[in-house]
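Structure first, then comments.
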Amino acid sequence: MLKKIGEILQEKTGLTEEQLQTALEIQCRKSMRLGEILVQEGSITEAQLREALSVQFNIPVFTDALDQKLELNLFREIPIAFMKKHKIIPLSVENGAVLIGLADPTDLTSLDEMAGLLDAKTIPVICSETAILKTINRFQEETASTPESMMHDLADDDLHQFTISSDEPENLLDSVDDAPIIKLVNLIFSQAVRDRASDIHIEPYERELKVRYRIDGFLYDRISPPRHLHSAIISRIKVLSSLDIAEKRLPQDGRIRIKIGEKDIDVRVSIIPTSHGERVAMRLLDRTSIMLGLDEIGLDDHELKSIARLIRQSHGILLVTGPTGSGKTTTLYAALNEINSVEKNIITVEDPIEYQLGGIGQIQVNPKIGLTFARGLRSILRQDPDVIMIGEIRDLETAEIAIQASLTGHLVFSTLHTNDSASAFTRLIDMGIEPFLVSSSLIAIIAQRLVRLICPHCKQPVSVNEGFLRDAGLDQKIIQKVTRFYQASTCDACFQTGYVGRTGIYEILIVSNAIQHEIMNQSDANTIKRVALTEHMHSLKMSGARKVAQGMTSMEEVLRVVSD
């Protein structure tokens, strides 16, 4: 008789009798295994469950990295769908038998089928379900064609039908259903995800067609399909995003939902007509990406304490400013995630909803049916909210409702497009908001930028530029501790750019009595900023200089994003 899994876990992990009984009660209501319930409840970890299953079934746990044992020839013998469904993979041949990694040691049927498919004796080992699925997805990516090879494989006879005049939309619909074009568009998406691209641009010119990816804020040429494929590619994208393929004279906006490996991607599609054909820009949003916390977006200890205090105010407006693509929404999501609790009613109105937040009501703006930021915000106020997040303050009406909400006891988060923190006050006044309302409702402005992180594989040390640190406003004691700067080099890991990933630099302007006085006097942004600096505000340049001093980024990168 097999020993019960609950008894093994109590012996091995310190699982309490109370936790076990609670899990057993849940098991009576739900058709789930006891181990799965205990992991979901947080009573044990997945690793502890695997160790217990190993004891129960006398099957060893495989602790090495799966790709170190992987033999691709074995992989090709097994259907991908079978491996994904049963969470089982062949690893390697040892002493004439095939080592089989499986997540569920009770699934003997799948193990027997695997032995039949491989026509060999099998030795089971317990592996992490996540590691198995990642290995399968990596195998699919490595064996998939590249866009370049796909275009090379398309014969002239295949391409003839895609050179049809754009005046015949019916035939174009037929052409985009052809497998080669479908594969080419799919590969454009999958390569973009592999390259960590945030945007895909498809740009037609007189004699060429370019596909460019935006990676870490910069656009890079990746592939150049033949020019006569342009209509077919655009039509395929229109079909995916439910747009009118016959309309080529007006801009169109749509959305696509795709799944690449383990990533669930939302794609925002914008198509505009140009002199050489329709141009496409697509923003990729990873729905499965892990929500970043406030301590993971680049805030130093001083900035983190300031923001943690601000987001726990009972009322007022907290604005995050910066250009498009500077990470404003990510900062607001991190703030909402920090204060999200059962005691608070949090509602957002966004365009678009970039991440799904558990326990928070999120409204998608839809101008086509009249659901604007202002109208959504009015409805939110009738929902008894404690905290409101507005995706962006774009007009006077939205700004007025946000201010009224803050003055009636609500905490309001929003974004505004300005170059620095102090400019937000003058921008609101220019919209038509009275200065006394601005000064009494705003509690702080956070300006931010994203700087690229130096690639750890190829960064090169250089001598310290004390003048840069001094000009940024760093204290002399901090400057004396800096031993070296780093500059970007090139390697394959960073696509020869010298940078991998980005982090934020911040300027937090807290509205003090002195700042309120300047707002009431309608002082310009420079005057307000000077007052804030005398009150020990850290400028964007100072925040960037700290990142340089820590070896995270380069002086050139900070100077690129910060205009001073």
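What you see is a predicted model, and the numbers here were worked out from it, not measured in a lab. Start at 1 with the first residue, then count along the sequence.
Residues E350 and I363 have side chains not in contact (no heavy-atom distance under 4.5 Å, counting atoms from C-beta outward). Residues R546 and I478 form a side-chain contact, since some pair of their non-hydrogen atoms from C-beta on lies under 4.5 Å apart. Looking only at side-chain heavy atoms (C-beta outward), I505 and V561 come within less than 4.5 Å of each other. Side-chain contact between T274 and P204 is present, with at least one heavy-atom pair separated by less than 4.5 Å. Contact check for V280 versus V269: side-chain heavy atoms found under the 4.5 Å cut-off. Put simply, the side chain of I353 reaches to within 4.5 Å of the side chain of Q362, judged on heavy atoms. For the pair F373 and D395, the minimum side-chain heavy-atom distance is 4.5 Å or more. Between Y213 and H201 the shortest side-chain heavy-atom distance does not fall below 4.5 Å.
A donor-acceptor contact under 3.5 angstrom links the side chains of N521 and H517, judged on distance only. With hydrogens and angles left out, the side-chain atoms of T16 and E18 include no donor and acceptor closer than 3.5 Å. Counting only N and O atoms by type, the side chains of Y486 and T553 include no donor and acceptor under 3.5 Å apart. Using modelled atom types and a 3.5 Å distance limit, the side chains of Q19 and E41 yield no donor-acceptor pair. Side-chain N/O atoms of Q448 and S326 include no donor and acceptor closer than 3.5 Å.
Judged by distance alone, the side chain of K328 and the main-chain N or O of P323 form a donor-acceptor pair under 3.5 Å. No donor-acceptor distance shorter than 3.5 angstrom exists from the side chain of T372 to the backbone of P367, with no hydrogens or angles considered. Between the side chain of K210 and the main chain of I223, no donor-acceptor pair closer than 3.5 Å is present. The backbone N or O of L304 sits nowhere less than 3.5 Å from a side-chain atom of D295 that would complete a donor-acceptor pair. Side-chain atoms of S543 come within 3.5 Å of backbone N or O of Y506 as a donor-acceptor pair. Counting only distance, with no hydrogens or angles, the side chain of H410 and the backbone of A405 share a donor-acceptor pair below 3.5 Å. Looking only at distances, no side-chain donor or acceptor of S43 sits under 3.5 Å from a matching main-chain atom of V39. Side-chain N or O atoms of T527 include none that pairs as donor or acceptor with a backbone N or O of S523 at under 3.5 Å. Side-chain atoms of S423 do not come within 3.5 Å of backbone N or O of N419 as any donor-acceptor pair.
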task: Step by step, work out the side-chain contact (heavy atoms from CB on, under 4.5 Å) result for I297 and T331.
output: CA-CA 7 Å; I297 59 175; T331 299; 4.0 Å; yes
message: Does S554 form a side-chain hydrogen bond (donor to acceptor under 3.5 Å, both in side chains) with Q487? I'd like the steps, not just the answer.
response: CA-CA 5 Å; S554 66; Q487 67 179 11; over 6 Å; no
Derivation and outcome, salt bridge (charged side-chain N to carboxylate O under 4.0 Å, His left out), residues K541 and D471: CA-CA 9 Å; K541 191 172 182 181; D471 290 344; 5.1 Å; no
- request: Determine, stepwise, if the pair S439 / Q516 fulfils side-chain hydrogen bond (donor to acceptor under 3.5 Å, both in side chains).
  value: CA-CA 5 Å; S439 66; Q516 286 180 329; 5.3 Å; no
- request: For R394 and D351, run salt bridge (charged side-chain N to carboxylate O under 4.0 Å, His left out): C-alpha distance rounded to whole Å, both residues' side-chain angles, the deciding distance at 0.1 Å, then the answer.
  value: CA-CA 12 Å; R394 295 178 178 173; D351 185 24; 3.6 Å; yes
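In this structure K134 satisfies the salt bridge (charged side-chain N to carboxylate O under 4.0 Å, His left out) test with no other residue, sequence neighbours excluded. Taking R452 as the reference, E557 meet the side-chain hydrogen bond (donor to acceptor under 3.5 Å, both in side chains) condition, with sequence neighbours excluded. Applying the salt bridge (charged side-chain N to carboxylate O under 4.0 Å, His left out) criterion to E338, with sequence neighbours excluded, gives R312. Residues forming a side-chain hydrogen bond (donor to acceptor under 3.5 Å, both in side chains) with D300 (at least two apart in sequence, or on another chain): none. Shown here are the salt bridge (charged side-chain N to carboxylate O under 4.0 Å, His left out) partners of D195, two or more places apart in sequence or in another chain: R222. Listed by chain and number, the residues in a salt bridge (charged side-chain N to carboxylate O under 4.0 Å, His left out) with R255 amount to none (sequence neighbours excluded). Among residues two or more places apart in sequence or in another chain, the side-chain hydrogen bond (donor to acceptor under 3.5 Å, both in side chains) test is passed with T130 by none.
Sorted by first and then second residue, the ring pair (Phe, Tyr, Trp, His ring centres under 6.0 Å) pairs with a member in residues 428-448 form an empty list; sequence neighbours excluded. Applying the ring pair (Phe, Tyr, Trp, His ring centres under 6.0 Å) test to residues at least two apart or on different chains, the pairs with a partner in residues 528-560 are H302-H538. For the salt bridge (charged side-chain N to carboxylate O under 4.0 Å, His left out) condition, no pair includes a residue of residues 426-438, sequence neighbours left out. Pairs passing the salt bridge (charged side-chain N to carboxylate O under 4.0 Å, His left out) check and including a residue from residues 485-513, sequence neighbours excluded, read E507-K529.
The two atoms that bring C458 and S489 nearest to each other are O-CB, 2.9 Å, heavy atoms only.
Results of the side chain to side chain contact (heavy atoms under 4.5 Å, CB included) test with I393 over L416, V412, I403 single out L416 as the only residue that passes.
Remark: H417 NE2 is packed, more than 12 non-hydrogen atoms of other residues, nucleotides or ligands lying under 6.0 Å away.
A salt bridge is defined here as a Lys NZ or Arg NE, NH1 or NH2 lying under 4.0 Å from an Asp or Glu carboxylate O, and E203 with R279 meets this definition. Looking at R268 and D253, no side-chain N of the basic residue comes within less than 4.0 Å of a carboxylate O on the acidic one, giving no salt bridge. A salt bridge is defined here as a Lys NZ or Arg NE, NH1 or NH2 lying under 4.0 Å from an Asp or Glu carboxylate O, and D475 with R470 fails to meet this definition.
The structure places CG of L442 at 4.0 Å from CD1 of I445, a figure rounded to the nearest 0.5 Å. In this structure, CG on D199 lies 10.5 Å from CD1 on I215, to the nearest 0.5 angstrom. Rounded to the nearest 0.5 Å, atoms CG (L49) and NZ (K12) are 14.0 Å apart. In this structure, OG on S440 lies 9.0 Å from CD1 on I317, to the nearest 0.5 angstrom. Note: F413 CZ to I446 CD1 = 8.5 Å, rounded to the nearest 0.5 Å. The CG atom of L540 sits 8.0 Å away from the CE atom of M537 when rounded to the nearest 0.5 Å.
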Going by atom type alone, with no hydrogens or angles, which donor-acceptor pairs under 3.5 Å involve a side-chain atom of residues 375-386 and a protein atom two or more places apart or on another chain?
from	atom 1	to	atom 2	distance (Å)
R378	NH1	E397	OE2	3.1
R378	NH2	E397	OE2	2.5
S379	OG	R375	O	3.2
D386	OD2	N345	N	2.7

